[in-house]
Amino acid sequence: MNITPDCVVALTWVLKDAQGHILDELDDPVEFYLGGHDLLDKIQVALQDHQLGDQLDLHLEPEEAFGDFDEELIFLEPRHAFPAELEEGMTIEGHALPPDCSPDAPKDVIYTVTDVYPEHVVLDGNHPLAGMALRISLTITGVRAATQQEKTHGSCGSGFFTLPSLPGNDTLH
């Protein structure tokens, strides 16, 4: 079966930065809906007309991946507004920011705590891979027709990357 829109592909990958350092490696296949919002656009286009067992090597510029780094998404917030157990690497959804935080901080962003100081906390609303050119080697380990539910939702339930949510969780899938 060739990959077309409205099908589901199972993928494994090795993700590297532009210098060739491994950022993430997925050995167990994950399914993604092609034609929805599970995959980055360039990856969706590249997968079309391929089939089970094919391998693709792609180069993604920041604008094709997670965008350019935006300095305006860095916020210095008062330390006292956050729980004592707050640690670097934790994430906070924008709508859940404490009331003492900047009213300019977008509510539809997930912030990563990048620094914790006695008087303030640094929050970064950029995706961890924003501003980076990426190299990804994909292997297609499965192809099937999408279910009606997957078509309706435009997803298999897995986005291409999600943010780490707990300290020590350094995977991107």
Side-chain angles (χ1 to χ4, degrees), residues 9-33 36-44 57-139 141 150 153-173:
V9 294
L11 301 172
T12 59
W13 66 71
V14 176
L15 178 70
K16 298 178 182 179
D17 63 17
Q19 292 74 40
H21 299 108
I22 294 177
L23 301 173
D24 191 46
E25 200 163 356
L26 179 65
D27 295 322
D28 295 323
V30 174
E31 289 189 328
F32 300 95
Y33 174 66
H37 50 80
D38 281 352
L39 292 164
L40 298 169
D41 290 343
K42 184 169 181 176
I43 294 173
Q44 287 201 58
D57 291 316
L58 302 173
H59 178 85
L60 304 171
E61 290 298 327
E63 60 273 9
E64 298 167 317
F66 300 100
D68 291 319
F69 188 84
D70 185 351
E71 290 286 338
E72 293 190 20
L73 289 176
I74 305 292
F75 292 90
L76 201 61
E77 302 296 344
R79 175 66 182 98
H80 68 81
F82 296 89
E85 54 275 355
L86 186 76
E87 296 178 18
E88 288 180 20
M90 289 181 160
T91 58
I92 303 168
E93 292 184 29
H95 66 81
L97 288 174
D100 289 349
C101 288
S102 171
D104 297 331
K107 302 297 183 215
D108 61 344
V109 171
I110 296 176
Y111 295 91
T112 301
V113 177
T114 59
D115 293 290
V116 178
Y117 297 102
E119 297 299 317
H120 62 272
V121 172
V122 180
L123 301 178
D124 184 350
N126 288 286
H127 187 282
L129 300 178
M132 293 178 67
L134 302 171
R135 295 179 185 162
I136 187 163
S137 296
L138 299 166
T139 301
T141 61
E150 290 164 338
H153 293 302
S155 177
C156 285
S158 332
F160 187 68
F161 293 110
T162 56
L163 293 174
S165 58
L166 299 171
N169 179 2
D170 57 1
T171 61
L172 298 171
H173 55 271

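Along the sequence shown, residues are numbered consecutively beginning with 1.
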OG1 on Thr114 to CE on Met90, rounded to 0.5 Å
14.0 Å

Ring pair (Phe, Tyr, Trp, His ring centres under 6.0 Å) filter on His120, not counting sequence neighbours, yields Tyr117

Side chains of Leu123 and Val113 in contact at under 4.5 Å (non-hydrogen atoms)
yes

Side chains of Asn126 and Phe66 in contact at under 4.5 Å (non-hydrogen atoms):
no

Please enumerate all residues that pass side chain to side chain contact (heavy atoms under 4.5 Å, CB included) together with Glu119, with sequence neighbours excluded.
none

CG/Asp100: more than 12 non-hydrogen atoms of other groups inside 6.0 Å
yes

Quick one: does any side-chain atom of His37 pair with a main-chain N or O of His153 as donor and acceptor, under 3.5 Å?
yes

Do Leu134 and Ile136 have side chains that get closer than 4.5 Å, going by heavy atoms?
no

Could you give all pairs that pass the salt bridge (Lys or Arg N to Asp or Glu O under 4.0 Å) test and reach residues 59-76, with sequence neighbours left out?
Lys42-Glu64

Is there a side-chain contact between Phe69 and Asp124 in this structure, where contact means two heavy atoms from C-beta onward sitting under 4.5 Å apart?
yes

Measuring from Lys16:NZ to Asp24:CG, what's the distance to the nearest 0.5 Å?
12.5 Å

Side chains of Phe32 and Cys156, heavy atoms from C-beta outward: is any pair under 4.5 Å?
no

Separation of Thr112 OG1 from His127 NE2 (nearest 0.5 Å)
9.0 Å

What's the separation between atom CG in Asp38 and atom CD1 in Ile43, rounded to the nearest 0.5 Å?
11.5 Å

Scanning both residues in full, the closest heavy-atom pair of Pro29 with Thr141 reads CB-OG1, 3.2 Å

Got a sec: does the CG of Asp115 have more than 12 other heavy atoms crowding it under 6.0 Å?
yes

Quick check: do Leu39 and Leu11 have side-chain heavy atoms less than 4.5 Å from each other?
yes

We want to know whether Gln19 and His21 form a side-chain donor-acceptor pair, criterion being a heavy-atom distance below 3.5 angstrom.
no

Pairs under 3.5 angstrom only: tabulate donor-acceptor contacts from the side chains of residues 73-84 to other protein residues two or more places apart or in another chain.
from: Glu77; atom 1: OE1; to: Ser102; atom 2: N; distance (Å): 2.9
from: Glu77; atom 1: OE2; to: Ser102; atom 2: N; distance (Å): 3.3
from: Arg79; atom 1: NH1; to: Phe82; atom 2: O; distance (Å): 3.3
from: Arg79; atom 1: NH1; to: Pro83; atom 2: O; distance (Å): 3.1
from: Arg79; atom 1: NH2; to: Pro83; atom 2: O; distance (Å): 3.3
from: Arg79; atom 1: NH2; to: Ala84; atom 2: O; distance (Å): 3.0

Side chains of Thr12 and Asp27 in contact at under 4.5 Å (non-hydrogen atoms)
no

Any chance you could measure Asp17, atom CG, to Arg135, atom CZ, to the nearest 0.5 Å?
8.0 Å

Under the side-chain hydrogen bond (donor to acceptor under 3.5 Å, both in side chains) rule, collect the residues that match up with Asp57, sequence neighbours excluded.
Ser137

